[in-house]
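All remarks here apply to the structure that follows.
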2 protein chains.
Amino acid sequence: MTMSHTGGRRKPPTIHDVAREAGVSRGTVSRVLNGGHYVSPAAQEAVNAAIRKTGYVVNRHARSLITGRSDSVGFLLTEPQERFFEDPNFNVLLRGCTQALAAHDIPLLLMLAGTEDERRRITRYITAGHVDGVLLVSSHSGDPVAEELREAGVPLVACGKPIGLGSKVSYVAADDRDGARDMVRHLLSLGRRRIGVVTGPLDTPGGVERLAGYREVLAEAGIAADERLVVSGDYSRASGEAGAERLLAQAPDMDAVFVASDLMAQGVLAALHRAGRRVPEDIAVGGFDDSPAATAAAPALTTIRQPWDRISNEMVRVLLAQIGGEDPAAVILPTELVRRDST
Amino acid sequence: MTMSHTGGRRKPPTIHDVAREAGVSRGTVSRVLNGGHYVSPAAQEAVNAAIRKTGYVVNRHARSLITGRSDSVGFLLTEPQERFFEDPNFNVLLRGCTQALAAHDIPLLLMLAGTEDERRRITRYITAGHVDGVLLVSSHSGDPVAEELREAGVPLVACGKPIGLGSKVSYVAADDRDGARDMVRHLLSLGRRRIGVVTGPLDTPGGVERLAGYREVLAEAGIAADERLVVSGDYSRASGEAGAERLLAQAPDMDAVFVASDLMAQGVLAALHRAGRRVPEDIAVGGFDDSPAATAAAPALTTIRQPWDRISNEMVRVLLAQIGGEDPAAVILPTELVRRDST
DNA sequence: CATGCTTCTGTGAGCGTTCACAGTAGAGAA
DNA sequence: TTCTCTACTGTGAACGCTCACAGAAGCATG
């Protein structure tokens with residue numbers, strides 16, 4: 001048995017040590033730790049001093065054992081992970097959630113459920129009560145994990161409206177349809193009339209809603225629908241590239257294209273460049289997300305900003321409320337058109 | 001008190017329930033749970049059946065309370081976070097670590113320590129034993145968190161060799177110097193002689209080592225050092241752009257540039273494009289990382305691949321070994337030149 | 001004076017596990 | 001037989017905390 005020579009972790013002080021130091025009982029220390037109700041100012045002061053002196057930090061395992069809560073939440077990714085990790089939005093969301101939770105002193109457990117095996121393992125882990133709630137990042141319909149968690153009564157907040165999960169699950173989303181409407185109206189206002197669209201996957205809310213907004217505005221403007229102007233991607237850069245090529249082939253007279261994500265829009269720009277079309281002179285390009293990809297693109301993308309900081313904050317707020325016993329809630333946040341050089 | 005109508009979390013089965021179901025004692029169940037030594041095949045079988053039947057999952061809080069281990073590790077980011085979250089490498093690393101840990105059934109806690117306050121909070125959290133060890137992503141020297149953790153004897157593995165942390169801390173890194181040497185030799189082999197460099201921050205190992213490799217190879221080739229060909233960036237895209245502008249101003253006859261990260265190289269490409277220099281005809285550009293940014297760039301970047309999957313695996317392996325009582329270790333992994341269109 | 005209420009404090013029990021220890025049974029050796 | 005050794009099993013005692021409860025003290029009210 002070798003003892004580390006660099007420090008060595010000695011036994012941390014317990015609530016007993018603090019109580020002894022402060023000259024009070026365990027109960028009083030515990031009360032101070034949990035809000036300080038029914039504690040005299042003198043005792044309050046003595047306990048706080050003792051905590052500072054001993055360097056006491058509550059043992060969360062002991063606390064969780066008795067309270068049944070774990071005081072931690074999971075951040076669950078059920079998609080094939082490459083896509084999310086490629087997507088800069090994901091970063092912003094993860095960072096925002098971590099920070100919002102840190103403000104409540106709640107650690108975030110990152111969980112990836114890509115394969116069937118992992119799915120099972122993680123579902124068991126969660127339903128066993130190892131986290132109090134789950135922030136879910138999975139937009140595809142028919143996600144078995146989400147369904148299982150919902151049935152098990154685990155507090156759950158999805159990012160984006162989950163398709164096919166009934167209405168009993170909380171979610172926070174940007175107003176996809178409204179954002180799409182803004183972008184298409186913007187393109188119309190520039191005099192464009194042959195406006196194409198590269199949608200997201202049509203089993204995701206972003207895919208469906210943004211397409212719906214596009215169709216609505218064109219219909220309202222009295223422009224006949226033309227299915228040659230509509231193609232679908234999967235939010236990846238490569239799919240944007242492929243989509244643009246298909247659009248150019250099907251509708252060579254296209255003078256604008258609304259792309260349902262900035263990353264796909266990067267691909268679109270690349271394809272247009274290769275095809276010798278100038279942006280925005282020949283074809284205006286509008287993205288969606290306002291991710292770092294938007295400013296990294298050349299030309300910088302006009303896009304629809306999703307309020308990611310607000311989204312992550314709201315997800316955490318709604319989740320904590322639900323853990324606290326409140327009913328599920330849906331939050332829809334407004335988007336904003338950001339004009340840059342691509343339109 | 002409202003009971004959720006959608007499932008409701010009922011009290012999970014305990015080791016007692018399993019023991020009763022299997023007709024054995026708690027002790028036997030516990031032994032099965034922990035490797036099954038000194039358990040008869042019959043009991044083994046009965047316990048496993050009972051676990052399946054009851055859906056038992058061990059309560060980690062109770063276990064941690066007595067073992068003193070938490071069976072979780074932290075992933076700690078001490079930098080101003082924007083940079084890391086902007087950097088695609090970070091994603092790959094985070095994903096790799098999460099997966100490698102999942103294979104050991106160990107959850108990963110994501111921790112961000114950007115501000116001074118967060119730093120204090122997190123240090124307390126960690127030293128209180130809430131995680132068994134820490135995967136540290138912070139390359140700058142003089143990081144107070146890293147130093148405190150090291151002194152507190154918390155098992156720690158850094159990504160990249162930490163500067164100024166003594167030699168007693170484990171780390172896993174790609175062979176920065178060797179990678180840089182490969183790239184510069186490659187540029188030389190193309191006949192380039194006026195080779196510039198955009199380094200990383202010079203208080204990071206990647207900044208120092210890659211520059212050292214560059215200087216070594218040029219010296220070996222008998223090319224005199226020219227400080228007009230050396231500028232520093234901070235790994236951000238914008239700093240690459242600024243760096244390239246400075247290089248073009250200081251050394252207009254530059255015919256190649258080695259950039260210490262792909263993200264900076266993207267910026268370099270943008271600046272060169274604006275300046276009307278063709279890549280690779282006029283100026284060859286070599287990156288470092290082989291991150292998604294490399295293939296996203298136009299033209300696709302020739303770069304040095306860092307073996308991120310191996311790095312994350314090794315970080316986890318070394319950390320677990322250290323938690324298990326082994327001494328700190330340093331692991332250096334080879335890099336690989338990936339030739340694309342920018343050279 | 002008794003009674004009740006409010007504010008505060010200490011104590012015992014117990015959360016679900018693991019660990020140390022004390023057994024038991026059976027086999028083999030003296 | 002008796003003893004030892006091995007393989008296995010059960011039990012009490014923790015781990016550090018919160019919770020329920022019992023009480024004490026102070027003060028107003030009947």
Closer to the 5' end of DNA chain D via nearest nucleotide, is it B/Gln44 or B/Leu65? B/Gln44
Report yes if a side-chain nitrogen or oxygen of A/Thr14 is closer than 4.0 Å to either non-bridging phosphate oxygen (OP1 or OP2) of D/dG16; otherwise report no. no
Taking atom P of C/dC19 as reference, at what distance in whole Å does atom CZ of B/Arg31 sit? 11 Å
B/Tyr38 vs C/dT24: side-chain N/O to OP1/OP2 distance below 4.0 Å: no
Donor + acceptor pair across side chains of A/Glu148, A/Thr127 (<3.5 Å): no
Quickly work out the A/His37 NE2 to D/dA20 P distance and round it to whole Å. 15 Å
Using whole Å, report how far CG of B/Asn34 lies from C1' of C/dA20. 15 Å
Measure from the side chain of A/Ala62, starting at C-beta and using heavy atoms only, and say which of D/dG16, C/dT9, C/dT18 lies closest. D/dG16
Verify salt bridge (charged side-chain N to carboxylate O under 4.0 Å, His left out) between A/Glu118 and A/Arg121, making sure each step is shown before the conclusion. CA-CA 5 Å; A/Glu118 287 172 358; A/Arg121 217 176 42 76; 6.0 Å; no
Separation of B/His130 atom NE2 from D/dC15 atom P, in whole Å? 18 Å
Options D/dC17, C/dT9, C/dT18, nucleotide nearest the side-chain atoms of A/Ile66: D/dC17
Would you indicate, yes or no, if C/dC15 has its OP1 or OP2 atom less than 4.0 angstrom from a side-chain nitrogen or oxygen of B/Asn59? no
What is the distance, to the nearest angstrom, from the CZ atom on A/Arg20 to the P atom on C/dT9? 19 Å
Considering only NZ, NE, NH1 and NH2 on the basic side and carboxylate oxygens on the acidic side, decide whether A/Arg60 and A/Asp71 come within less than 4.0 Å. no
Categorize B/His61 for me: base, sugar-phosphate, or nothing, with a 4.0 angstrom heavy-atom threshold over every strand shown. nothing
Measure from NE2 on B/His16 to C1' on D/dT11 and round the result to the nearest Å. 10 Å
Does the pair B/Arg119/B/Glu116 count as a salt bridge with the N-to-O cut at 4.0 Å? yes
Using a cut-off of 4.0 Å on non-hydrogen atoms, how would the nucleic acid contact of B/Arg60 be classed: base, sugar-phosphate, or nothing? nothing
Strictly below 4.0 Å: does B/Thr28 bring a side-chain N or O up to OP1 or OP2 of D/dG10? yes
When rounded to whole Å, the CD1 to C1' distance for the pair B/Ile51 and C/dT17 reads 14 Å
Among A/Ser64, A/Ser72, A/Ser70, which residue meets the side chain to side chain donor-acceptor pair (under 3.5 Å) test with A/Asp132? A/Ser70
Can you tell me how far P of C/dC19 sits from CG of B/Leu33, to the nearest Å? 11 Å
Please check the phosphate of C/dT18 (OP1 and OP2 only) for any side-chain N or O of B/Thr67 closer than 4.0 Å. no
Looking at B/Ser40, does any N or O in its side chain come under 4.0 Å of the phosphate oxygens OP1/OP2 on D/dA7? no
Using a distance-only criterion (donor-acceptor N/O pair, under 3.5 Å, no hydrogens), is the base of C/dT11 paired with the side chain of A/Arg26? no
